[in-house]
Amino acid sequence: MKRIFAVLLALSLLLLAACSKGVSPTEPSPTEPATQAPTEPATDAPTEPSQTEPATEPSQPTEEEGPFTVTYAHAQADTHGSGEVWVQLLAEVTNTGSEPLTLGAADWTVCTPDGTELAVRKGVSAYPQTIEPGEKGWYYDEFTVDTAQTGELAVQYDGDALAASVRAAEQSGVRYAVSDVNLKDSVYGGVELTGRIRNDTAEQGSLVCVAAVLLDESEKPLGVVYAVLDSPLEAGAETTFGMSSEMLPPEVKSADIAQVETFAYPLAE
């Protein structure tokens, strides 16, 4: 009997030991999510949209433009009624400084799109000659060239030489009032421009130049029409003017011209 009791006691102890071992595997389970949850946001946070990209924009190289910059330079060759190829050269200069500038005669080179030199134009005049801060002036020339090349051409220039031609003006340029401007197509091709000029200054104007810059809807210059009055313009006097250009690109008509900037001023001696 004692032996049976001892066997039962031993079995009871073995059963208790087995039960205690079966509970232990459940203890680590609450710790598993605790170790995984923090790792997900920790790895995702640095992958948000990069904040270093905007910082690259201010690092773009910038150069001081000085008192002026060339904001447009273009040339075009067209065959006109005579069979000759005429080139229209136009370069726009903007006064980016704080003082008036005088646009002296400058040299410009016209090339084919592949860089072949067609012509070097020396002493090209600008219209108007003096521009205030923020204003634009236009170097303009029309000439024939012995080539079969037509269409758009490239314009090159020496920046240092141009800077030597553009200088600070001793004073603001004199401008005369322009009114009653009328633009129409010419029967000979190109356009005609008429209007009136009045000298509101106290001095006589000699060698009075009238220049009109023709712009399209996007303010792109299409050409320049200019003329010099036959006689001086007395102080307080008013006169009419008329001028035309047959050397604009043949496709340009008065309907293509959205804006006309007209200047009247005495030419610098």
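One distance of note links NZ of K220 with CG of L90; it measures 10.0 Å at 0.5 Å rounding. With rounding to the nearest 0.5 angstrom, the CD atom of E132 is 11.0 Å from the OG atom of S98. Taking OG1 of T194 as the start and NZ of K184 as the end, the distance is 7.0 Å to the nearest 0.5 Å. The line from OG1 of T201 to CG of L233 is 8.0 Å long, rounded to the nearest 0.5 Å. Atom OG of residue S244 and atom CG of residue L183 lie 11.0 Å apart, to the nearest 0.5 angstrom. Of the inter-residue distances, the one linking S254 atom OG with L248 atom CG reads 11.0 Å to the nearest 0.5 angstrom.
Nearest heavy-atom pair across L153 and C111 is CB-O, 3.3 Å. When all heavy atoms of A177 and D200 are compared, the pair lying nearest together is CB-OD2, 3.8 Å. Of all heavy-atom pairs between T130 and P100, the closest is CG2-CB, 4.4 Å. Here the shortest heavy-atom pairing between E251 and Q76 reads OE2-NE2, 3.3 Å. Residues A264 and I197 share a closest heavy-atom pair of CB-CG2, 3.9 Å. Across G137 and L103, no two heavy atoms sit closer than the pair CA-CD1, 3.8 Å.
A cation-pi arrangement is not found for R196 relative to F241, the charged atom failing to lie both closer than 6.0 Å to the ring centre and inside a 45° cone about the ring normal.
With 3.5 Å as the limit, one finds a donor-acceptor pair spanning the side chains of E234 and Q204. Using a 3.5 Å distance cut-off with no hydrogens or angles, the side chains of E117 and T109 do not pair a donor with an acceptor. Between E142 and S245, the side chains place a donor N or O and an acceptor N or O closer than 3.5 Å (distance only, hydrogens not considered).
Here the side chains of K136 and Y72 are not in contact, with every heavy-atom distance at 4.5 Å or above. When side chains are defined from C-beta on, L118 counts as touching T112, because their heavy atoms get closer than 4.5 Å. Contact check for Y226 versus Y140: side-chain heavy atoms found under the 4.5 Å cut-off. H74 places a side-chain heavy atom less than 4.5 Å from the side chain of E152. By the 4.5 Å heavy-atom criterion applied to side chains, E246 and H80 are not counted as neighbours. Using a 4.5 Å cut-off on side-chain heavy atoms (C-beta onward), Q149 and V85 make no contact. The shortest side-chain heavy-atom distance between Y139 and S125 does not fall under the 4.5 Å cut-off.
Under a 3.5 Å cut-off, the side chain of D185 and the backbone N or O of G189 do not form any donor-acceptor pair. Not a single donor-acceptor pair under 3.5 Å links the side chain of S186 to the backbone N or O of G190. Panel note: side chain T96, backbone F68; a donor-acceptor pair is recorded below 3.5 Å. In this structure a side-chain-to-backbone donor-acceptor pair under 3.5 Å is present from N95 to I131. Side chain of Q88 to main chain of L222: a donor-acceptor pair is present (N/O by atom type, distance under 3.5 Å, no hydrogens or angles).
Residues L214 and V178 fall within the same hydrophobic cluster, defined by Ile, Leu, Val, Met, Phe, Trp and Tyr side chains chained together at heavy-atom separations under 4.5 Å. Hydrophobic cluster membership is shared by V93 and V124, with clusters built from Ile, Leu, Val, Met, Phe, Trp and Tyr side chains linked at under 4.5 angstrom. No continuous path of ILVMFWY side-chain contacts below 4.5 Å connects V155 to V120, so the two sit in separate hydrophobic clusters. Follow the hydrophobic side-chain contacts under 4.5 Å out from V252 and you reach V225 in the same cluster. Cluster membership check: V210 does not share its hydrophobic cluster with M247, using side-chain heavy-atom separations under 4.5 Å among Ile, Leu, Val, Met, Phe, Trp and Tyr.
K122 and D107 are joined by a salt bridge, as a carboxylate oxygen and a charged side-chain nitrogen come within less than 4.0 angstrom of each other. Taking the charged nitrogens against the carboxylate oxygens, E135 and R175 do have a contact shorter than 4.0 Å, which makes a salt bridge.
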Can E92 and T71 be said to form a side-chain hydrogen bond (donor to acceptor under 3.5 Å, both in side chains), step by step?
CA-CA 6 Å; E92 179 184 273; T71 46; 2.6 Å; yes
Test E170 against T102 for side-chain hydrogen bond (donor to acceptor under 3.5 Å, both in side chains), laying out the working first.
CA-CA 9 Å; E170 296 181 0; T102 295; over 6 Å; no
Would V208 and V228 count as a side-chain contact (heavy atoms from CB on, under 4.5 Å) if you check the C-alpha gap in whole Å, the side-chain angles of each, and the deciding distance to 0.1 Å?
CA-CA 6 Å; V208 175; V228 177; over 6 Å; no
Might you work through the side-chain contact (heavy atoms from CB on, under 4.5 Å) test for Y127 and Q129, ending with a clear yes or no?
CA-CA 5 Å; Y127 306 91; Q129 286 182 317; over 6 Å; no
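The local environment of CG in D114 is crowded, with over 12 non-hydrogen atoms from other residues, nucleotides or ligands closer than 6.0 Å. Within a 6.0 Å radius of CD in E238, more than 12 heavy atoms belonging to other residues, nucleotides or ligands are found.
Separation of the W86 and F143 ring centroids does not fall under the 6.0 Å cut-off. The aromatic ring centres of Y157 and W108 sit less than 6.0 Å apart.
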